[in-house]
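Note on naming: letters A, B, ... go to the chains in the order of the sequence lines (proteins, then strands), and numbering restarts at 1 for each one.
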2 protein chains.
Amino acid sequence: MLELRLVQGSLLKKVLESIKDLVNDANFDCSATGFSLQAMDSSHVALVALLLRSEGFEHYRCDRNISMGMNLGNMSKMLKCAGNDDIITIKADDGSDTVTFMFESPTQDKIADFEMKLMDIDSEHLGIPEAEYHAIVRMPSTEFARICKDLSSIGDSVVISVTKEGVKFSTRGDIGTANIVCRQNTTVDKACSCHIHLPEEATVIEMNEPVTLTFALRYMNSFTKATPLSNTVTISLSSDLPVVVEYKIAEMGYVRFYLAPKIEEDGEEEDKPKPLTD
Amino acid sequence: MLELRLVQGSLLKKVLESIKDLVNDANFDCSATGFSLQAMDSSHVALVALLLRSEGFEHYRCDRNISMGMNLGNMSKMLKCAGNDDIITIKADDGSDTVTFMFESPTQDKIADFEMKLMDIDSEHLGIPEAEYHAIVRMPSTEFARICKDLSSIGDSVVISVTKEGVKFSTRGDIGTANIVCRQNTTVDKACSCHIHLPEEATVIEMNEPVTLTFALRYMNSFTKATPLSNTVTISLSSDLPVVVEYKIAEMGYVRFYLAPKIEEDGEEEDKPKPLTD
DNA sequence: GAATATGGTA
DNA sequence: TACCATATTC
């Protein structure tokens, strides 16, 4: 028996909007710890990891560990039927091949239940080691989204370079080149007093050593679908490690996207990024 | 000679937006009583009835009963040229094969007249008997629209069940099933005082006996195009009678949509709904 | 935050 | 042509 009651249902709606374009089908894993998902994107280049900790739910009952295979497109269709203020409850009976989403309007005047068929999905659950990163950039999520969108109108790849001074996003395409530098914000104090820059709106860099890596903008732009989940995004970079783009979900967990860097080809267009798994 | 002056011209614009998708050509009937229309949709499954009473016009002159055949698409094109605050006057000379729409801007700075050719349309004017309905549901029109839209992302038909407790909208499709229950709002008093539920925002059910009927969502979604006309919608149901979905037009009349229920096929997909006329 | 208006897509 | 998604306004 599984019953997870999430008061801020819009979170789940946003989570699905953020990952459904990347992943078609995935197993949601439910345990006493929380509700989580790990899945490769359809082209096996990027990886999504979601965690919603049990503490974030108003009510969390999960009698035994269970893995529920869902088509994220269909799940998203159903969640779109929930109002943004609705309380969402996820229910599944033991051994059932369906999951039920229940939506309660804030006033309780409208109660909806949507039942969806589960699927069998075989997924390799990768253990993702906690790595030490050369550099971690935290910046406003909307700003990162804007940068990825802007750059992708010029080129296909983004070169991200981090130094103590700031982070530089560069691209190159047929029509020209572009470089966007976000300076580490050193004026947080002043910012607060003039009510323009809240700390969340600053770019903050934690750096052990400078790092420069190249990524496919196509995936970066997919990741930024998670922007509504958090005001800030964290980008963790190390040479030869997949980048981690993380959106924290308030009080509950995170959505993390992993993407392998492009190998610097001095030659030309090799459009296939390196898969995360060989 | 016909001359109807409607101060709130946006009403006529909205009326046309609400019916032009359903009906291509129709006769507008003009008499001392008012300006009305009755027409089957192009597939002869649904029926639209419009009434704008003469009292609702600032000036209403209709010397003799007249029936004017119009292409609603073209009429809508012309009405789109009226500003939302414009005063609209409909004019026709006796024996003329054209109608003129005159638009006056609130400031009288801009006066437009659009002349449209009339058409000959033979239409059977059905007498619609005033029936006693098993159940009449009144609910916020936006909520009804939302429900029809949500359900149509899951299935093609909606089963509407009314009991004293509330009204249930259900559907079933390839990806699963959905049930949305709107409880009759019994707490209108409390609601008013806490400023959340205005009476208009409550679901109210008048029921003589429980009723369960099935309808094609495609038509229901067409009907909800009339949502901008009224904050509330009234759904009148009886077994084996067409449902009536009514949007009242303030001070003037209504737009009503009639749709025959689907016959419960225990077998499979019979996509053709029963026509209202045989 | 909600509703509406507009533009793009299917 | 109709629907959806976004952008803008209240």
Can you tabulate the close N/O pairs, meaning under 3.5 Å, that link protein atoms to atoms of nucleotides 3-10 of chain D?
unit_1, atom_1, unit_2, atom_2, d
D:dC3, OP2, B:Lys225, NZ, 2.7

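Residues A:Met119 and A:Asn71 approach most closely at SD-N, 3.4 Å, considering heavy atoms.
For A:Asp86, the side chain to side chain contact (heavy atoms under 4.5 Å, CB included) partners are A:Ala82, A:Phe103, A:Ser105, A:Pro106, not counting sequence neighbours. Applying the side chain to side chain contact (heavy atoms under 4.5 Å, CB included) rule to A:Lys20 yields the partners A:Glu17, A:Leu72, A:Ser76, A:Lys80; only residues at least two apart in sequence or on another chain are considered. In this structure B:Phe35 satisfies the ring pair (Phe, Tyr, Trp, His ring centres under 6.0 Å) test together with B:Phe28, sequence neighbours excluded. Not counting sequence neighbours, the partners of B:Arg5 by the salt bridge (Lys or Arg N to Asp or Glu O under 4.0 Å) test are B:Glu58, B:Glu104. Residues satisfying the ring pair (Phe, Tyr, Trp, His ring centres under 6.0 Å) test with A:Phe215, not counting sequence neighbours, are none.
Rounded to whole angstrom, the span from the NZ atom of B:Lys13 across to the P atom of C:dA5 amounts to 9 Å. Whole-Å rounding puts the B:Glu17 CD to C:dT4 P distance at 13 Å.
Taking only side-chain nitrogens and oxygens, B:Asn84 comes nearer than 4.0 Å to OP1 or OP2 of C:dA5.
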Here DNA chain D, pairs taken as Watson-Crick or G-U under 3.5 Å and shown with ( ), [ ] when crossing and | when to another strand, reads ||||||||||
Atom pairs and distances, side-chain donor-acceptor, residues 166-177 of chain B, under 3.5 Å, sequence neighbours left out:
unit_1, atom_1, unit_2, atom_2, d
B:Ser170, OG, B:Asn179, OD1, 2.8
B:Thr171, OG1, B:Ser157, O, 2.6

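Residue pairs that meet the salt bridge (Lys or Arg N to Asp or Glu O under 4.0 Å) test with at least one member in residues 221-230 of chain B, sequence neighbours left out, are B:Asp21-B:Lys225.
The residue A:Asp85 sits close only to the backbone: its heavy atoms come under 4.0 Å of sugar-phosphate atoms, none of a base.
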